[in-house]
Amino acid sequence: MGRYVVRRAEEADLSHVHDMAEVVFRHTYRDILSPEQMEYMMDWMYSMPNLYRQAEEGHVYYIAWKGDVPCGYVSVQPDGWSEDGRILWHLQKIYVLPAEQGNGLGRQLFDTATAHVRAEAGGRPASVELNVNRSNPAVGFYHRLGMEIRRQGDFHIGNGFYMNDYIMGMDLE
């Protein structure tokens with residue numbers, strides 16, 4: 001696991017997130033989304049103006065580096081309180097470039113995100129949740145990390161498109 005260094009992203013680093021998404025998001029969803037929905041979601045989530053807006057709205061990005069090459073990213077965002085009174089965070093994005101998958105980087109990014117949430121919670125009970133497409137093989141990855149399916153939904157995102165997701169979560173102590 002020592003191959004990667006994960007650092008909190010600065011605003012100037014968001015272009016790396018954009019560039020990685022052009023590869024990894026398209027790779028991940030090439031057999032799940034229509035080309036039209038792919039383009040819509042790429043703009044909605046990864047255009048530079050939308051990445052800057054997300055940062056202003058509290059998304060905290062971390063980027064994994066192998067030397068000076070960005071290899072993956074994760075972002076978390078505060079999301080209020082869970083029903084049982086825990087501080088709730090949403091893991092918004094976690095992606096590893098295809099060439100780096102299977103090397104433990106996904107786990108390293110996930111651990112970075114949960115460490116961030118624990119630090120922000122300051123010892124108070126917290127939960128982290130994420131949305132994952134029900135057809136995405138990553139559902140198994142999240143199960144292996146200790147997450148469980150808490151609910152599911154079909155979420156309208158505009159232009160007649162929906163995200164058909166599981167909401168997976170785990171409690172952090």
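At a threshold of 4.5 Å between side-chain heavy atoms, the hydrophobic network of Ile, Leu, Val, Met, Phe, Trp and Tyr places I94 and M20 in two separate groups. Under the 4.5 Å side-chain heavy-atom criterion for grouping Ile, Leu, Val, Met, Phe, Trp and Tyr, V96 is connected to V139 within one hydrophobic cluster. By the criterion of side-chain heavy atoms lying less than 4.5 angstrom apart, applied directly or through intervening Ile, Leu, Val, Met, Phe, Trp or Tyr residues, W44 is grouped together with Y52 in one hydrophobic cluster. Under the 4.5 Å side-chain heavy-atom criterion for grouping Ile, Leu, Val, Met, Phe, Trp and Tyr, L130 is not connected to M163 through any hydrophobic cluster. Y4 and F141 fall within a single hydrophobic cluster, where Ile, Leu, Val, Met, Phe, Trp and Tyr side chains are chained together by heavy-atom contacts under 4.5 Å.
Residue E57 qualifies as enclosed at atom CD: its count of foreign heavy atoms under 6.0 Å is above 12.
Inter-residue side-chain proximity for L88 and W81 is flagged as unmet; no heavy-atom pair is nearer than 4.5 Å. Within the 4.5 Å cutoff, the side chain of V17 has heavy atoms near those of the Y61 side chain. Between Q77 and V60, the closest side-chain pair of non-hydrogen atoms is not below 4.5 Å. With a 4.5 Å cut-off on side-chain heavy atoms, I167 and F155 count as touching. Looking only at side-chain heavy atoms (C-beta outward), L109 and V6 come within less than 4.5 Å of each other. Counting heavy atoms from C-beta on, the side chains of R7 and V5 come closer than 4.5 Å. Using a 4.5 Å heavy-atom cutoff, the side chains of V132 and D165 are not in contact. Under the 4.5 Å side-chain criterion, counting only non-hydrogen atoms from C-beta, V76 is not in contact with H59.
In this structure, the side chain of D43 does not engage the main chain of Y40 through any donor-acceptor pair within 3.5 Å. No side-chain donor-acceptor contact under 3.5 Å links R26 to the backbone of V23. Side chain of N133 to main chain of S135: a donor-acceptor pair is present (N/O by atom type, distance under 3.5 Å, no hydrogens or angles).
Atom-to-atom distance recorded for N103:CG and Q108:CD is 10.5 Å, nearest 0.5 angstrom. Here the CG atom belonging to D111 is positioned 5.0 Å from the CZ atom belonging to R107, to the nearest 0.5 angstrom. To the nearest 0.5 angstrom, R53 atom CZ is 9.0 Å from E56 atom CD. Once rounded to the nearest 0.5 Å, the distance linking CG of L91 with OG of S75 reads 7.0 Å. With rounding to the nearest 0.5 angstrom, the CE atom of M45 is 6.0 Å from the NZ atom of K93.
With sequence neighbours excluded, the residues that form a ring-ring contact (aromatic ring centres under 6.0 Å, His included) with Y95 are F25, Y73. Listed by chain and residue number, L33, S34, M41, I157, F161 satisfy the side-chain contact (heavy atoms from CB on, under 4.5 Å) test with Q37 (two or more places apart in sequence, or in another chain). The ring-ring contact (aromatic ring centres under 6.0 Å, His included) test applied to H90 returns no partner, not counting sequence neighbours. Not counting sequence neighbours, the partners of W65 by the ring-ring contact (aromatic ring centres under 6.0 Å, His included) test are H16. Remark: A55 pairs with L14 by the side-chain contact (heavy atoms from CB on, under 4.5 Å) rule, at least two apart or across chains.
Not less than 6.0 angstrom separates the ring centroid of Y46 from the ring centroid of H18.
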Run the side-chain hydrogen bond (donor to acceptor under 3.5 Å, both in side chains) test on N136 and Y166 for me, step by step, so that the C-alpha distance in whole Å, both residues' side-chain angles and the decisive distance to 0.1 Å come before the verdict. CA-CA 10 Å; N136 189 333; Y166 291 127; over 6 Å; no
Does the pair I87 and W89 meet the rule for a side-chain contact (heavy atoms from CB on, under 4.5 Å), with working shown? CA-CA 7 Å; I87 299 168; W89 282 73; 3.6 Å; yes
Decide yes or no on side-chain contact (heavy atoms from CB on, under 4.5 Å) for L145 and M170, but give the supporting numbers first. CA-CA 9 Å; L145 294 174; M170 69 186 299; 5.6 Å; no
For the pair R8 and H116, evaluate side-chain contact (heavy atoms from CB on, under 4.5 Å) and give the outcome as yes or no after the intermediate values. CA-CA 10 Å; R8 188 169 175 163; H116 177 91; 3.8 Å; yes
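The minimum heavy-atom distance between P78 and G58, with the atom names listed, is CD-O, 3.6 Å. The two atoms that bring V74 and A113 nearest to each other are CG2-CB, 3.9 Å, heavy atoms only. Taking each heavy atom of E100 and R3 in turn, the nearest pair found is OE1-NH2, 3.6 Å. Minimum heavy-atom separation, M147 to V128: CE-O, 3.7 Å. Taking each heavy atom of S15 and M48 in turn, the nearest pair found is N-CE, 3.7 Å. P70 and L97 make their closest contact through O-CD1, 3.4 Å (heavy atoms, listed as atom of the first residue, atom of the second, distance).
Residue pairs that meet the side chain to side chain donor-acceptor pair (under 3.5 Å) test with at least one member in residues 142-155, sequence neighbours left out, are E129-R150, E129-R151, R134-D154, R150-D171, D154-N164.
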